[in-house]
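What follows is a set of notes on a single structure, which appears directly below.
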Amino acid sequence: MRCHLNVKSLKRENLMQKNSYLDYKRIIAQLVSGVLAETNIDAEMIYGLLEYPPNQELGDLALPCFQLSKVLKKAPPLIAAQLQTQIDPAPYFAEVQTAGAYLNFRLAPEPLITNVLGKILECGSSYGAQNLGDGEKIVIDYSAPNIAKPFHVGHLSSTVIGNVLYNIFNFLGFISVGINYLGDWGTQFGKLITAYKKWGSEAEVKQGLIKELTRLYVKFHTEAEADPTLDEEAREWFRKIENGDEEALKLWKWFKEISLEEFQRVYDILGISFDSMAGESFYNDKIKAVVDELKEKNLLEESDGASIVDLELYGMPPCLILKKDGSSLYATRDIAAALYRKKTYQFSKALYVTGMAQSLHFQQWFKVVELMGYDWAKDLVHVPFGLVNLKGEKLSTRTGRVVLLEDLLTTAIQKTLEIIEEKNPDLPQKAQIAQDVGVGAVVFGALSVNRIKDVTFSWEEALNFDGETGPYLQYTHARACSILRKADFQGETGINFEPEKLNEPAALKVVKTLYLFPERIIAAATEYEPSIICRYLIDLAQDFNWFYHECQVLVADQDLSRARLVLVSAVKTLLATGLGLLGIKAPEQM
RNA sequence: GCGCUCGUAGCUCAGUUGGAUAGAGUGUUUGACUACGAAUCAAAAGGUCGCAGGUUCGAAUCCUGCCGGGCGCACCA
């Protein structure tokens, strides 16, 4: 079940009223509803019907009149034709044409150009930012790697998708709270301690760090297949951790520190940070209260010795709260965490960015929170994404079939460095830029496809820098910067330029794409879908590169040159802003 | 078995609340660096939108069934 943020209405309301950006849909909605004032068709309905035509020749915006015909009891083409005669296109539209049942609007270039480019120059890096959130808090739970296990490419999606949502919501006037819900509790630590005591040593762990911990963890599983008493022992060690046994706690803390240091290296490379690192262990002392509350509200039942919340009424399997031995499960911890976060942050939305495999789990405990009587259960949203596999096989820590994220990132950086040596050997700060571009390629690759799709990891694809990739966007940005640098263009506000100088199709196409930026950002937020921004930036870069090849910017005609520089500057600004939202650097040279 | 999810060009994917002739990238073939960066651009070729019904003025999109892939379904997270 895909939950949706209730911003559909918010979106429309804000675009209709608060939006300070040029909004042609609003203008058309008002024009058309003005003409239809006698009917019960209002501006909001028209607004919702407007769409972008499939190709440029038809126009820039279209109103299909099929739906209107039901209300007006007239043939759609007739409605379109009548509207056409009654609407005065000036000053925003160059012409209004009909094509069958469609009423097509062609934008007048000058108001568009003046408005969009002027606003981008004026706002700079805050262009597109809005106050839709009005300071409401959105808690975003993402990344959440397991302690003592390697940080591999499977963790990339959650980490970067969560980070983008964090950025977007801040950009739109919400206050994002980023939480890294570390997997730092549970029987796997019992297993690890057992393995450590049997086959490990302090020196080896200090030497091998996570690799050594992983080796021990894997060994535990292979040995436990033959010897089930190991599982007993592991449970016992975990019980000791829970009961505060000194030796057990000491080891647990040590393993956790080792892991956090390694994770931090990866987060530093990615440029990602969190507001809270409260992992599962943090909620340990908050579980009892949840269990008591569930009992008090008569939601808890006994079943095969375990305590459950029955969800049969809702077509779901029961939600396990306590095991036979009385210890808690992950749903219990998630509920405790949600209660704590609600109390602590007063969020208006809580997002959980995890794999799709956990969908049922989230549906179950969301329902339990609802049954506990909390109306904010509706504000809990699972943001799922597809699985990463390796050549069609599952990633597996136990069998070692994983690609470490750090290896991927350093390889990408290394490859970038080689390309720079080959193409641009005099580039200053090569190392930094190689990191920006290499990491950008990996991050963009993880964000660019619809998050629900499963992906097969391939080195070849991850290290491809041609076509629709992060480096393509960065290259386009660097190119734009290069022109501006040569012209010594500062992008001062209030600069005068002549919009009619940008009348070529290529220039106009770029401006029209620039215009779409704010609404694409909002779409990415309402759908929790970073790929919408990726897609948009690719479109923008493609349009700009076409313009780049069509139109020489640095030309003798001062007015023409200045107008084109303004356009280049605007593209540069939005590419940088967009990449920034994606968590990707936009170097000025590469 | 039940549930969730995906199936669009050789490959990877877009396709806006159902709307006009289904679009990119990559790969293949070809062209463009004495023009602001060739990590670029242009052109050609490439599709029974898994299959079959249904709803609708209109379906890649919604509904039903089937086929195929992935995932989940009691003490792991």
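Throughout, a chain's letter reflects where its sequence line sits, starting with A, and its residues are numbered from 1.
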By nearest atom, which of the nucleotides [options] is closest to the [X] side chain?
{"X": "Asn545(A)", "options": "A24(B), U40(B), C76(B)", "value": "U40(B)"}
{"X": "Ala357(A)", "options": "C75(B), C71(B), C6(B)", "value": "C71(B)"}
{"X": "His549(A)", "options": "A39(B), A38(B), U40(B)", "value": "U40(B)"}
{"X": "Asp304(A)", "options": "G70(B), C75(B), G37(B)", "value": "C75(B)"}

Is a donor-acceptor contact shorter than 3.5 angstrom present between the side chain of Ser531(A) and the base of A14(B)?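 Result: no qualifying N/O pair found.
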Kindly say whether, by distance alone, the side chain of Asn104(A) makes a donor-acceptor pair under 3.5 Å with the base of A20(B)?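 Yes, a donor-acceptor pair under 3.5 Å.
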Could you work out the separation of [N] and [M] based on their [atom1] atoms and round it to a whole Å?
{"N": "U61(B)", "M": "A44(B)", "atom1": "C1'", "value": "31 Å"}
{"N": "U29(B)", "M": "U34(B)", "atom1": "C1'", "value": "28 Å"}
{"N": "U30(B)", "M": "U16(B)", "atom1": "C1'", "value": "35 Å"}

Could Lys512(A) and Asp543(A) be called an ion pair, given the rule that one side-chain N must be under 4.0 Å from one carboxylate O?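 The answer is no: the pair does not qualify as a salt bridge.
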Does [N] have OP1 or OP2 sitting under 4.0 Å from an N or O in the side chain of [X]?
{"X": "Arg333(A)", "N": "A77(B)", "result": "yes"}
{"X": "Lys486(A)", "N": "C36(B)", "result": "no"}
{"X": "Lys394(A)", "N": "G70(B)", "result": "no"}

Evaluate whether the aromatic ring of Tyr475(A) and the six-membered ring of the U40(B) base sit under 5.5 Å apart, centre to centre, with an inclination under 30°.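 Stacking between Tyr475(A) and U40(B): absent.
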NA contact type, Ser303(A), heavy-atom cut-off 4.0 Å: base, sugar-phosphate, or nothing?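 Touches a base.
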Assign Glu461(A) to base, sugar-phosphate, or nothing according to its heavy-atom contacts below 4.0 angstrom with the strands shown.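 Result for Glu461(A) = sugar-phosphate.
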